[in-house]
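Letters A, B, ... mirror the listed sequences (proteins, then strands); counts begin at 1.
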Amino acid sequence: MPELPEVETTRAGIAAHLIDRRVIHVTIRQPMLRWPVPTDLARNLEGQRIIDVTRRAKYLLLHTSNGAALMHLGMSGSLRVIDANIPPQPHDHIDLLLDSGRVLRLRDPRRFGALLWIDGNPFAHPLLHGLGPEPLDDDFNGDYLFDRARGRKVSVKDFIMNSRVVVGMGNIYASESLFAAGIHPARAAGRISLVRYRLLVLSIKQVLQNAIGHGGTTLRNFVREDGRPGYFRHELNVYGRAGADCPRCGEKIRLRVIGQRSSFYCVTCQR
DNA sequence: AATCGCGCCTGACGGC
DNA sequence: TGCCGTCAGGCGCGAT
């Protein structure tokens, strides 16, 4: 569920509750996430002060003076900050009890998420090393994307969903950005002009910023740190709208599987 | 090197 | 109403 805007919404929501707080206790009810939660997580985290909460791609990092807890929400994860006496619900796998008397609680029905401990510099970790640029940073621009696309035959949708090219683009926002830029999702990445890549990059940045501004997209499980849903679902132009009218030209929105993922687009507006 | 396909899980939904 | 098949927003890994 969570793509970059949902993870960023979560980061911004939990940061104020966590920064300068000490982790008093770690409760692990279900360690079998995408990878087993390491047995030394509690030992490394308990007693430590959280000095910053950052995001890289769709990973969240809780930084301490020794290292960082790395979290991923997978397809169905959410994080909330709540009073410690609220009883856990099904799929509430992990609690970090804070010295404020509240807990950071991870819920993840499908358990595709992760919680790892990284000693030292987290950005040297294999999961973070080798990732492409952040889509909202200045080094992600049309010239960069055009250069990376030389000789590439994959669909442009698969191309921008490749985290070595650019991070954070999931299925929803890839579809929406390509619609905004007027590019057909199945077009080969190497057969798109520099001018059109510049427009695509602008579209990606606008779509992501707009989604963050709306608190992300809630389709099923996603809630913000205070339990509210995201409201960007109402802003979606093509995603999940197969058979409905294109908001730009009125043509029926098409659905086609590209790279094993449902892709939504308008044949008239996207070439 | 680039591309493709698989599988980790649970839950929601549609069709019968 | 209930059962069953299909699909879901991610992503690393191994095979080709």
Requested in this report: Scan every strand shown for a Watson-Crick or G-U wobble partner of B:dC9, both distances under 3.5 Å, and answer none if you come up empty.
Outcome: none
Query raised in the report: Does C:dG9 pair with anything, Watson-Crick or G-U wobble, both distances under 3.5 Å, and if so, with which nucleotide?
Result: none
Query raised in the report: Charged N to carboxylate O below 4.0 Å: is that the case for A:Asp158 and A:Arg261?
Result: no
Report task. Could you please spell out the steps behind the salt bridge (Lys or Arg N to Asp or Glu O under 4.0 Å) verdict for A:Glu8 and A:Arg55? Result -> CA-CA 7 Å; A:Glu8 179 57 27; A:Arg55 176 188 60 74; 2.8 Å; yes
Round to the nearest Å and state the distance from [X] atom [atom1] to [N] atom [atom2].
X: A:Asn171; N: C:dA8; atom1: CG; atom2: P; result: 8 Å
X: A:Leu33; N: C:dG12; atom1: CG; atom2: P; result: 15 Å
X: A:Leu255; N: C:dT6; atom1: CG; atom2: P; result: 16 Å
X: A:Arg241; N: C:dA8; atom1: CZ; atom2: C1'; result: 19 Å
X: A:Gln260; N: C:dT6; atom1: CD; atom2: C1'; result: 16 Å
X: A:Ile160; N: C:dG10; atom1: CD1; atom2: P; result: 12 Å
X: A:Met161; N: C:dC11; atom1: CE; atom2: P; result: 9 Å
X: A:Leu4; N: C:dG10; atom1: CG; atom2: P; result: 11 Å

Query raised in the report: For A:Tyr59, is the NZ or CZ atom of A:Arg56 found under 6.0 angstrom from the centre of its six-membered ring and inside 45 degrees of the ring axis?
Result: no
Query - Cationic tip of A:Arg150 above A:Phe146 ring, under 6.0 Å, 45° of axis - result: yes
Sticking with atom [atom1], work out how far [N] lies from [M], rounded to a whole angstrom.
N: B:dC6; M: C:dT6; atom1: P; value: 15 Å
N: B:dC9; M: C:dC3; atom1: P; value: 25 Å
N: C:dC7; M: B:dG5; atom1: P; value: 16 Å

Report summary line: When A:Tyr173, A:Tyr239, A:Tyr231 are each screened for side-chain hydrogen bond (donor to acceptor under 3.5 Å, both in side chains) with A:Thr217, the one that passes is A:Tyr173
Query raised in the report: 5'-most contact on DNA chain C: A:Arg110 or A:Arg34, nearest heavy atom basis?
Result: A:Arg110
Report summary line: DNA chain B: first to last nucleotide in contact with chain A (atom under 4.0 angstrom from a heavy atom), 5' to 3', is B:dA2 to B:dG11
Query raised in the report: Is atom NE2 of A:His129 surrounded by more than 12 heavy atoms (other residues, nucleotides or ligands) closer than 6.0 Å?
Result: no
Query raised in the report: Are any of A:Tyr239's side-chain N or O atoms less than 4.0 Å away from OP1 or OP2 of C:dA8?
Result: no
Query raised in the report: Within the structure shown, what part of the strands sits under 4.0 Å from A:Phe159 by heavy-atom distance: base, sugar-phosphate, or nothing?
Result: nothing
Report task. Ignoring hydrogens and angles, tell me if any N or O in the side chain of A:His93 forms a donor-acceptor pair with the backbone of A:Pro31 under 3.5 Å. Result -> no
